[in-house]
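Residue numbers begin at 1 in each chain, while the letters A, B, ... track the order of the sequences. This structure is a prediction, so every number in the text was calculated from the model and none was measured.
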2 protein chains.
Amino acid sequence: MQDRIINCENCIDNPKSVFTVLTPKEKDIIRKSHTCSFYKKGEIIFKEGDKPMGLLCLADGKVKIFKEGVGGREQIVRMAKPVGFIGYRALFAEEHHTATAVAIEDSTVCQIDRETVYRILRESSDLSLSIIRAFATELGFSNNRTVTLTQKHIRGRLAESLIFLKDTYGYEEDAQTIKIYLSREDVANLSNMTTSNAIRTLSTFAQEEVIAIDGRKIKILDLVKLERISELG
Amino acid sequence: MQDRIINCENCIDNPKSVFTVLTPKEKDIIRKSHTCSFYKKGEIIFKEGDKPMGLLCLADGKVKIFKEGVGGREQIVRMAKPVGFIGYRALFAEEHHTATAVAIEDSTVCQIDRETVYRILRESSDLSLSIIRAFATELGFSNNRTVTLTQKHIRGRLAESLIFLKDTYGYEEDAQTIKIYLSREDVANLSNMTTSNAIRTLSTFAQEEVIAIDGRKIKILDLVKLERISELG
DNA sequence: TGTATGAAGTGCTATATAACATGCAAAGGT
DNA sequence: ACCTTTGCATGTTATATAGCACTTCATACA
């Protein structure tokens, strides 16, 4: 991690950010008390057990958040995109981190210190409500995944993951290629399966012409079919 | 469901309630705009797809919240105890309910209407922060369960569920019997396994003298051993 | 050019667990 | 006291998927 001074207006002024509800005054307070850091692809942003020092906002890049389970097996619980928070769960629960965050691409992360966050939260009920809504949505997602990952069969789980990645990161210019390049291992860790099974099932999907694969590049050829596979379980 | 007029001070004044952070004035507002309902064991409080009409608080009784998965298979995502909220996720996410709530015992539920909830939230940053903290904790729990239910083996999953039930509802006076009486089916739906496997594995635990079973009554004889089974996966 | 390294892909086997069938006991209503 | 229903228990069978061993391929590096 390098502590570059980056002008990270992106987190604060981006219309997608929850900070849009803030007054210019409140935004200024944040602007004064935040630091930015740069992480190269593969670098750890925080680790399970670390104490959260502030609110992290992903200004640019892509980040996976995963938990280590039985025998060190990774389960990806969230994929972050700009502009979005990371590590905020532990901060607000007043716990140490219960998951690890790793940059999948080169990423810029800015941090607003704990005290400033709470100070703004006490002043802005709008921001509080936004965060409550964000948490409620995220919790719904997590509950959904619990059911999906435990009940759907391998094909259903993989199909759902591909749709999830498409929904989260969107398409490249060709309107087919999913705009994220994960290793087969990461795809497996996202879908609760072994790497072998991820490889095998991706190949099957490609044979069935539901998707096309070219290394880490995944094109969705038939979204309707993929959705059907996902729903069937 | 019967619409009795019950004096449901319990939700508001109970020291365990998040409402303790409110001023007497704010508590009065809630007192004036809430209604109480009584549900018999087995009755549905809300269903997947229903629109949340307010904030529900379980004043007395026990409630399971579950999602329907592949082939109508239930997955219990939460067990509520007094005094705690139910159905608040959908309310704050501004979605329809994504899970169903059923009373496991005769239960009293009071409802504070939507507008009042938001009115108080806008005034009380303390309450907002409490709710943010509650959500963050709940999300941590959910993420944890995702990993547990997908990665642990049957014995580990069941052991963890039993410990979870003990932690949530506590013991009877004998300091051994878990203070909730679930059907084998509910135990299975909590632990992501079939009813047969729940029965089988409970019997095995009883043979190993980790627990003792007498119908729906479950005694934890050796908590340390149970925790070890849970950790091993 | 040769070597090393890591990821992608394939086939086989072992196993955990779901699904099914059946029997028994207890609870609850008439 | 009877019948009916519901829950609990157990054994057998079928199947999905994890685990392992191995090959192929691409890229990096000396």
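Nearest to the side chain of H153(B), among dA18(D), dA9(D), dT17(C), sits dT17(C). With dT17(D), dT12(D), dG19(D) as the choices, the nucleotide that has an atom nearest any side-chain atom of R200(B) turns out to be dT12(D). Checking dG9(C), dA18(C), dA18(D) against the side-chain heavy atoms of S203(A) singles out dG9(C) as nearest. Residue S183(B) places its side chain closer to dC8(D) than to any other of dA18(C), dC8(D), dA18(D). The nucleotide whose nearest atom lies closest to any side-chain atom of R216(B) is, among dC8(D), dT17(C), dT17(D), dC8(D).
To the nearest angstrom, P of dA16(D) lies 21 Å from CE of M193(B). Note: CD (E185(B)) to C1' (dA19(C)) measures 15 Å, nearest angstrom. Following rounding to the nearest Å, R73(B) (CZ) and dT17(C) (P) show an atom-to-atom distance of 12 Å. Counting to the nearest Å, the P atom of dT10(D) and the CZ atom of R184(B) are 10 Å from each other. Atom C1' of nucleotide dG19(D) and atom CD1 of I154(A) are separated by 13 Å, given to the nearest angstrom. Here dT10(D) presents its P atom at 7 Å from CD of Q207(B), a figure rounded to the nearest Å. Atom CG in D214(A) sits roughly 15 Å away from atom C1' in dG9(C) (whole-Å rounding). Rounded to a whole Å, the CG atom of L149(A) is 12 Å from the P atom of dA18(D).
Ring geometry, F135(B) versus F92(B): the interplanar angle exceeds 60°, so the pair is classed perpendicular (tilted spans 30 to 60°).
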Report each atom pair, protein N/O against N/O of nucleotides 21-26 of chain C, whose distance is under 3.5 angstrom.
none

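Of all heavy-atom pairs between S107(A) and V63(A), the closest is OG-CG2, 4.1 Å. Scanning all heavy atoms of the two residues, the minimum distance from A90(A) to H97(A) falls at CB-ND1, 3.6 Å.
Note on E208(B) versus K225(B): no salt bridge recorded, every NZ/NE/NH1/NH2 to OD/OE distance being 4.0 Å or above. A salt bridge is defined here as a Lys NZ or Arg NE, NH1 or NH2 lying under 4.0 Å from an Asp or Glu carboxylate O, and K67(A) with E74(A) fails to meet this definition.
Annotation: the span from I178(A) atom CD1 to L162(A) atom CG amounts to 5.0 Å, rounded to 0.5 Å.
Within the structure, a side-chain polar atom (N or O) of N197(A) is placed less than 4.0 Å from OP1 or OP2 of dA18(D).
Within the nucleic acid shown, I199(A) comes within 4.0 Å of at least one base atom, counting heavy atoms only.
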**Request:** Decide yes or no on salt bridge (charged side-chain N to carboxylate O under 4.0 Å, His left out) for K62(A) and E105(A), but give the supporting numbers first.
**Result:** CA-CA 5 Å; K62(A) 293 186 178 98; E105(A) 294 179 1; 2.9 Å; yes
